[in-house]
Chemist: 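First the structure, then my questions, so here it is.
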Amino acid sequence: MTITGVKGFNDILPADVGKWHHIEGVARRVFELYGFSEIRVPVLEKTELFTRSIGDDTDIVEKEMYSFTDKGDNRVTMRPEGTAGVIRAFIEHKLHRTDPVAKLYYMGPMFRYERPQKGRYRQFHQIGAELSGVTSPMVDAQILTMLCHYFAELGLTEPTLQINSLGCSECRPPYRQKLKDFLQVRLHSLCEDCRRRYENNPLRVLDCKATGCREATVAAPSVLDNLCHGCADHFAETKCYLRDVGTRYEINSRMVRGLDYYTRTTFELVTSLLGSQSAVAAGGRYDRLIEQLGGPQLPGIGFAMGVERIVLLLSEQDFRKRPDLFFVYLGESAQKKSFTLMSELLQMGVSVEIDYEGKSLKSQMRRADKSRARYTLVIGENELNKGMVVLKDMDNGVQLDMVLDSHNISRIVRCNPYQPT
RNA sequence: GUGGCUGUGGUGAAGCGGUUAACACAAACGACUGUGACUCGUUCAUACGUGGGUUCGAAUCCCAUCAGCCACCCCA
């Protein structure tokens, strides 16, 4: 009986890691360009942090959290999302004292106990960004623009940005009631799920895929028509800023969020290429969350992207590394010389591979080819006696004799960097 | 939590009660006695997710179990 991994917890094999590095590296570069700094927070938090921020009645809290009691009798939870922990750290370390405007980003695993399927796993990874302390819609527009900028850098233009406003504590409750009144007389034509949603999350009915529900709600009141002045202005200005910088968006007044803390602007980056997991990134404003978690009265906005979903979207590009040089040697003295020469070149930062088993020349050449090395260095008895080596360009087959000298070799290899294929 | 589908080597797969379990790719080695990619040859599953059962005989039928995938719910 071999031991297998845990359901929904996946290994990321070396063949795929290059893609992950790329996704993470571009995120670091773009986010830092916009002035964000990385923050690293633990994977485990007190359960209460999530029940208080995400909301007791949400699916995440009700049935998806990995929670347990540790040996010290503390109720703890493996984070199902990143925002709560980042805000907790922000408050705990009083980062707002230094500067209420904090721009933070994070990346790492999240955990949700769900049935795995395409683009959805029990351990999954998110890259997210949070910005605190600014009410101006300018940051709404900038956050969205940064998100689109990031996807453009990855070469992904297919996902489209959808935006909505959920209002605030002033205008959402009245709207919610208005919607319930509208739905009440149509309950009979709603699906079973929506009848349940009518009670605990009436806004969610608008997002139902069932055709019966779609038809029943075509004339439903829209959140956007029921925003208070403040929220309406905020949304209008956000759109205005977006237009000014050419960030394309669609308005989706039926978009709902799964976490309770969102206010005003919410958004999703959606794709049609991922089956039923259409969201590759999502987020919104959370103007009450920081004080709700015991911090100062500061607004906030942020988003998270699903790394596995981005991996699925990224075409089969080859992100594997290519060594600069592959050593091929013949005979024992050549082997010894190769080892020291290889070591010298590695110290100089030239990546070198070699066939440790000392197989036939043909076999070594085959390995050199398979390693996709840019150059092969052939060291045989004849060359060694003359203090020479043969350098072969593996892309065009041209080879030349050269003096056996690490600086000499390093110079040639470095000034002909390979072109990524 | 609820449905549906699938489980044959490193991979993609043929097989549908009696076969040496095809074929292709990958891999290893060799044809070319010091040079990769092309060509050619050789090797590569006593094994068909696991456990039972039916049968003279099962990868092929039945049951159970496990795993994976996809969808619902929900979500990144």
Side-chain angles (χ1 to χ4, degrees), chain A residues 1-2 4-8 10 13 15 54 57-64 79-83 107-128 147 159 191-194 196-197 200-201 204 207-210 255-259 267-271 274-284 302-313 326-331 334 355 357 359-384 389-399:
Chain A
M1 269 294 268
T2 54
T4 58
V6 177
K7 187 196 199 69
N10 302 127
L13 273 6
I54 299 171
D57 299 330
T58 58
D59 274 41
I60 293 179
V61 169
E62 268 182 8
K63 49 190 200 194
E64 295 174 1
R79 62 179 184 194
E81 61 101 36
T83 302
M107 51 185 70
M110 306 293 161
F111 307 85
R112 254 121 103 160
Y113 191 88
E114 301 180 271
R115 274 286 268 277
Q117 64 188 70
K118 185 175 191 172
R120 172 202 283 179
Y121 312 97
R122 290 185 174 176
Q123 173 176 318
F124 61 103
H125 296 76
Q126 288 190 331
I127 301 177
L147 182 60
C191 69
E192 213 176 298
D193 289 324
C194 282
R196 200 192 65 234
R197 288 167 183 148
N200 44 25
N201 191 2
R204 181 65 181 74
D207 203 29
C208 186
K209 288 164 197 152
M255 190 178 76
V256 194
R257 309 274 61 238
L259 289 65
F267 51 90
E268 269 180 20
L269 214 52
V270 298
T271 175
L274 250 39
S276 59
Q277 268 61 244
S278 56
V280 284
F303 64 80
M305 314 187 283
V307 180
E308 282 82 355
R309 293 183 185 178
I310 297 173
V311 168
L312 290 171
L313 288 180
F326 197 101
F327 274 30
V328 166
Y329 55 90
L330 286 143
D355 182 346
E357 305 292 349
K359 303 241 181 75
S360 70
L361 177 69
K362 179 164 198 78
S363 180
Q364 293 186 56
M365 285 304 292
R366 271 209 266 255
R367 282 195 79 83
D369 187 50
K370 201 163 54 150
S371 80
R372 303 160 7 107
R374 180 67 233 277
Y375 292 98
T376 296
L377 197 73
V378 184
I379 308 174
E381 302 293 347
N382 301 346
E383 286 86 1
L384 208 55
V389 289
V390 175
L391 186 74
K392 180 166 187 172
D393 185 320
M394 295 300 273
D395 291 349
N396 56 25
V398 173
Q399 55 182 55

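This one's a predicted model, so the numbers in the text were calculated from it and none came from an experiment. Every chain is numbered from 1 and lettered A, B, ... according to where its sequence line falls, protein lines coming before strand lines.
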Chemist: Mapping A/Met365 and A/Ala279 to their closest nucleotides on RNA chain B, which lands nearer the 5' end?
Modeler: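 Final value for this comparison: A/Met365.
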
Chemist: Does the base of B/G36 carry an N or O that pairs as donor and acceptor with the side chain of A/Lys392 under 3.5 Å?
Modeler: yes

Chemist: Please determine, for the side chain of A/Val378, which listed nucleotide (B/G36, B/G34, B/C73) has the closest atom?
Modeler: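 The listed nucleotide nearest to A/Val378's side chain is B/G34.
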
Chemist: So if I take every side-chain heavy atom of A/Lys359 and compare against B/G34, B/C73, B/C29, which nucleotide ends up nearest?
Modeler: B/C29

Chemist: Base, sugar-phosphate, or nothing: which does A/Leu312 touch, judged by heavy atoms less than 4.0 Å apart?
Modeler: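 It contacts nothing in the nucleic acid.
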
Chemist: What pair of heavy atoms forms the shortest contact from A/Thr376 to A/Met394, and how long is it?
Modeler: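 Minimum heavy-atom contact is OG1-SD, 3.0 Å.
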
Chemist: Polar-atom pairs under 3.5 Å, protein N or O versus N or O of nucleotides 67-69 of chain B: list them with distances, or write none.
Modeler:
unit_1, atom_1, unit_2, atom_2, d
B/G68, OP2, A/Lys7, NZ, 3.1

Chemist: Looking at every strand, decide which applies to A/Ser363 at a 4.0 Å heavy-atom threshold: base, sugar-phosphate, or nothing.
Modeler: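 Sugar-phosphate, no base atom in range.
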
Chemist: Mind checking whether A/Arg374 and A/Asp395 have side chains closer than 4.5 Å, heavy atoms only?
Modeler: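 Yes, side chains in contact.
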
Chemist: Nearest to the side chain of A/Asp369, which nucleotide is it out of B/G36, B/C75, B/C74?
Modeler: B/G36

Chemist: Which residue lies toward the 5' end of RNA chain B, A/Asn382 or A/Gln126, if each is placed at its nearest nucleotide?
Modeler: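 Its nearest nucleotide lies further toward 5', so the answer is A/Asn382.
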
Chemist: Return yes if the base of B/C75 and the side-chain atoms of A/Arg309 contain a donor-acceptor N/O pair under 3.5 Å, otherwise no.
Modeler: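 Yes, the side chain and the base share a sub-3.5 Å donor-acceptor pair.
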
Chemist: Name the nucleic acid region contacted by A/Gly283, choosing base, sugar-phosphate or nothing; use a 4.0 angstrom heavy-atom cut-off, strictly under.
Modeler: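 Here A/Gly283 touches no strand at all.
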
Chemist: On the side chain of A/Gln399, is there an atom forming a donor-acceptor pair with the base of B/U35 - under 3.5 Å, no angle test?
Modeler: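 Pair found.
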
Chemist: Check this for me, if you would: do A/Arg112 and A/Glu81 make a salt bridge, where the nitrogen-to-carboxylate-oxygen distance has to be below 4.0 angstrom?
Modeler: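 Salt bridge absent between A/Arg112 and A/Glu81.
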
Chemist: Identify whether NZ of Lys or CZ of Arg in A/Arg79 sits under 6.0 Å from the centre of the six-membered ring of A/Phe111 and within 45° of that ring's axis.
Modeler: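 Negative - A/Arg79 is either too far from the ring of A/Phe111 or too far off its axis.
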
Chemist: Flag the pair A/Arg120 / A/Lys118 as yes when at least one side-chain heavy-atom distance between them is below 4.5 Å, and no otherwise.
Modeler: no

Chemist: With a 4.5 Å cut-off on side-chain heavy atoms, are A/Val280 and A/Leu313 touching?
Modeler: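 A side-chain contact exists here, since the closest heavy-atom pair is under 4.5 Å.
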
Chemist: Is A/Arg204 near enough to B/C75 that one of its side-chain N or O atoms lies under 4.0 angstrom from OP1 or OP2?
Modeler: yes

Chemist: Between the base of B/G34 and the side chain of A/Glu383, is there any donor-acceptor pair under 3.5 Å?
Modeler: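 Yes.
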
Chemist: Does A/Tyr113 offer a backbone N or O that forms a donor-acceptor pair with the side chain of A/Glu64 under 3.5 Å?
Modeler: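 No: the side chain of A/Glu64 does not pair with the backbone of A/Tyr113.
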
Chemist: Check every strand shown and say whether A/Ala368 touches a base, only sugar-phosphate, or nothing at a heavy-atom separation below 4.0 Å.
Modeler: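 Nothing, no nucleic acid heavy atom in range.
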
Chemist: Enumerate the protein-to-nucleotides 38-44 of chain B contacts in which both atoms are nitrogen or oxygen and the separation is below 3.5 Å.
Modeler:
none

Chemist: Hey, does A/Gly128 reach any base, or is it just sugar-phosphate, or nothing, if we go heavy atoms under 4.0 Å?
Modeler: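 Nothing: the residue A/Gly128, judged by heavy atoms under 4.0 Å, touches no strand.
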
Chemist: Given the rule that a pair is Watson-Crick or G-U wobble with both distances under 3.5 Å, how would you write RNA chain B in dot-bracket, using | for pairs to a different strand?
Modeler: ((((((((.[[[..)..(....]]].(((((.......))))).....[[[[[..)....]]]]])))))))....

